[in-house]
K.L.:
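Before I ask anything, here is the structure I am working with.
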Amino acid sequence: MSARVAVHELRGLSMGTTWSVKLAAPVAALIDLERGIQARLDEVVAQMSTWETGSDISRYNRADAGSAHTLPAPFAEVLAAALALAADTDGAYDPSIGPLTDLWGFGPAGARAQTPEPAPLAQARERVDWRRLRFDPTTRELIQPGGAYLDFSSIAKGYGVDRVADWLLAQGCGDCLVEVGGELRAHGRKPDGSAWRVAVEQPGHEDEATAVIALDGLAIATSGDYRRYFEQAGATRRYSHTLDPRTGAPIEHAVASVTVLHERCMHADALATALTVLGARAGLAYANRRQLAALFVLREGDGFVSRATPGFVARQRSA
């Protein structure tokens with residue numbers, strides 16, 4: 001790549017958040033590149049957004065029990081990855097968590113200011129079980145067992161990053177940094193030869209970095225309980241948007257955030273959520289068994305402590 005090609009930044013809106021792409025490309029190509037990026041993200045929304053009533057996922061969630069649905073290939077790819085992770089974590093990650101997401105006020109049904117009553121919570125929990133989903137990845141057919149409500153909030157943004165990055169590489173843009181809602185993936189280098197470096201912020205302190213990572217052919221995603229939550233009047237705790245599908249309630253442990261590095265942002269996104277749900281002990285054990293590059297930021301007293309897997313430490317040292 002010629003150093004005379006400047007880095008340009010393109011921006012837009014998608015999935016209820018913002019996207020940005022930094023890339024080295026001729027000025028004349030920017031309009032078509034921006035349109036192409038938006039088109040890929042719009043396709044993800046049209047298939048996988050529970051906030052869009054006409055999306056493929058919303059139609060499936062409303063469908064009658066016993067109905068069969070042939071999924072678009074991208075939808076099927078994300079579902080297959082989500083189900084594989086659900087099986088591997090014994091349900092700590094579950095793409096059928098939608099009823100709980102809505103009940104706790106973090107979904108399209110709208111925010112809430114108090115915890116759910118026991119009866120509706122029990123009813124929602126009965127609908128959450130990834131093992132109820134009968135999916136054939138070969139034919140891409142998914143059966144609606146009745147009441148299943150898929151929610152891809154913890155994987156779709158990462159998949160969107162991958163769709164954009166893959167498309168840009170196919171267009172010959174080998175030097176780019178793609179970001180959607182804080183999830184990132186980068187390839188190549190800046191025109192001056194320096195790496196695309198990203199900072200992992202300290203929870204609650206955007207101007208403080210816990211770690212700095214150089215990305216090249218690598219994605220990074222963070223899940224944390226400090227950005228989206230609600231506080232009930234008179235309560236002594238706040239309720240995180242990260243829900244444990246196994247208990248039906250927000251997580252209650254020392255994990256403030258988990259950051260995962262992976263070749264595919266889809267997997268980094270979902271794994272960050274799964275490890276957050278698993279917690280410090282079980283999460284670190286899982287990450288080490290799977291040789292993941294993960295960073296856990298844990299609350300300790302009035303501050304934070306970090307715990308990183310060997311894979312994450314190695315990447316950090318190369319930054």
K.L.:
Please report the closest heavy-atom contact between Ser14 and Gln38, naming both atoms and the distance.
P.N.:
CB-NE2, 4.3 Å

K.L.:
So does Gly248 get a backbone contact from the side chain of Trp104, meaning a donor-acceptor N/O pair under 3.5 Å?
P.N.:
yes

K.L.:
Provide the closest heavy-atom pair for Tyr93 versus Ser154 in the form atom of the first, atom of the second, distance.
P.N.:
OH-OG, 2.9 Å

K.L.:
Would you mind reporting whether Thr276 and Ser257 have side-chain heavy atoms less than 4.5 Å apart?
P.N.:
no

K.L.:
Salt bridge (charged side-chain N to carboxylate O under 4.0 Å, His left out): which pairs involve residues 289-298, sequence neighbours left out?
P.N.:
Asp88-Arg290

K.L.:
Rounded to the nearest 0.5 Å, what's the gap from OG1 on Thr247 to CZ on Arg125? Could you check?
P.N.:
6.5 Å

K.L.:
Can you check whether Gly54's main-chain N or O pairs, donor with acceptor, with Arg59's side chain at less than 3.5 Å?
P.N.:
yes

K.L.:
Please tell me whether Met266 and Val45 are part of a single hydrophobic cluster in this structure, the criterion being side-chain heavy atoms less than 4.5 Å apart.
P.N.:
yes

K.L.:
What are the two closest non-hydrogen atoms of Ala24 and Pro191, and how far apart are they?
P.N.:
CB-CG, 4.2 Å

K.L.:
Just verifying a value: how many Å separate Leu284 CG and Phe296 CZ, rounded to the nearest 0.5 Å?
P.N.:
4.0 Å

K.L.:
Would you check if there is a donor-acceptor pair between the side chains of Asp102 and Tyr149 at a distance under 3.5 Å?
P.N.:
yes

K.L.:
Backbone N or O of Gly146 within a donor-acceptor pair of the Arg132 side chain at under 3.5 Å?
P.N.:
yes

K.L.:
Looking at side-chain heavy atoms only, is the closest gap between Leu169 and His187 below 4.5 Å?
P.N.:
yes

K.L.:
Just verifying a value: how many Å separate Ser49 OG and Asp56 CG, rounded to the nearest 0.5 Å?
P.N.:
11.0 Å

K.L.:
Applying a strict under-4.5 Å side-chain criterion to I, L, V, M, F, W and Y, I'd like to know whether Ile97 and Leu121 cluster together.
P.N.:
yes

K.L.:
Taking atom OG1 of Thr309 and atom CZ of Phe312, what is their separation to the nearest 0.5 Å?
P.N.:
8.0 Å

K.L.:
Strictly below 4.0 Å, N to O, side chains only: are Arg131 and Asp129 in salt-bridge contact?
P.N.:
yes

K.L.:
Measure the OG-NE2 distance between Ser223 and His241 for me, rounded to the nearest 0.5 Å.
P.N.:
5.5 Å

K.L.:
Are the side chain of Gln123 and the backbone of Pro118 linked by a donor-acceptor contact shorter than 3.5 Å?
P.N.:
no

K.L.:
Determine whether more than 12 heavy atoms belonging to other residues, nucleotides or ligands lie under 6.0 Å from atom CG of Asp90.
P.N.:
no

K.L.:
Is any side-chain heavy atom of Thr210 closer than 4.5 Å to one of Thr259?
P.N.:
no

K.L.:
Under the ring pair (Phe, Tyr, Trp, His ring centres under 6.0 Å) rule, collect the residues that match up with His262, sequence neighbours excluded.
P.N.:
His267

K.L.:
Determine whether a donor-acceptor pair (N or O, by modelled atom type, separation under 3.5 Å) exists between the side chain of Asp175 and the backbone of Leu23.
P.N.:
no

K.L.:
Could you tell me whether the side chain of Asn61 and the main chain of Ile57 form a donor-acceptor pair under 3.5 Å?
P.N.:
yes

K.L.:
If we ignore hydrogens and angles and just use 3.5 Å, is the side chain of Arg127 paired with the main-chain N or O of Ala148 as donor and acceptor?
P.N.:
no

K.L.:
If I take atom OG1 from residue Thr17 and atom NZ from residue Lys157, how far apart are they, to the nearest 0.5 angstrom?
P.N.:
7.0 Å

K.L.:
Would Val178 and Trp19 satisfy side-chain contact (heavy atoms from CB on, under 4.5 Å), going step by step from the backbone distance to the final call?
P.N.:
CA-CA 8 Å; Val178 179; Trp19 65 261; over 6 Å; no

K.L.:
Could you verify whether a donor N or O on one side chain and an acceptor N or O on the other, from Glu179 and Ser20, lie under 3.5 Å apart?
P.N.:
yes

K.L.:
Look at the side chain of Arg299 and the backbone N and O of Val305, then say whether any donor-acceptor pair between them is shorter than 3.5 Å.
P.N.:
no

K.L.:
Quick one: does His69's side chain have a donor or acceptor within less than 3.5 Å of a partner on Glu141's backbone?
P.N.:
no

K.L.:
Is a donor on one side and an acceptor on the other found under 3.5 Å between the side chain of Ser67 and the backbone of Asp64?
P.N.:
yes

K.L.:
Between Ser55 and Ser58, does any side-chain donor sit less than 3.5 Å from a side-chain acceptor?
P.N.:
yes

K.L.:
Out of Thr89, Leu79, Leu83, which one pairs with Trp130 under the side-chain contact (heavy atoms from CB on, under 4.5 Å) rule?
P.N.:
Leu83

K.L.:
Whether the Thr101 and Asp151 side chains hold a donor-acceptor pair (N or O, under 3.5 Å, no angle test) is what I'd like checked.
P.N.:
yes

K.L.:
Can you list the residues that meet the salt bridge (charged side-chain N to carboxylate O under 4.0 Å, His left out) rule with Arg264, with sequence neighbours excluded?
P.N.:
Asp162, Asp166

K.L.:
Would you say the ring centroid of Phe152 lies under 6.0 angstrom from that of Phe75?
P.N.:
yes

K.L.:
Near Arg62 CZ, under 6.0 Å, is it more than 12 heavy atoms from other residues, nucleotides or ligands?
P.N.:
yes

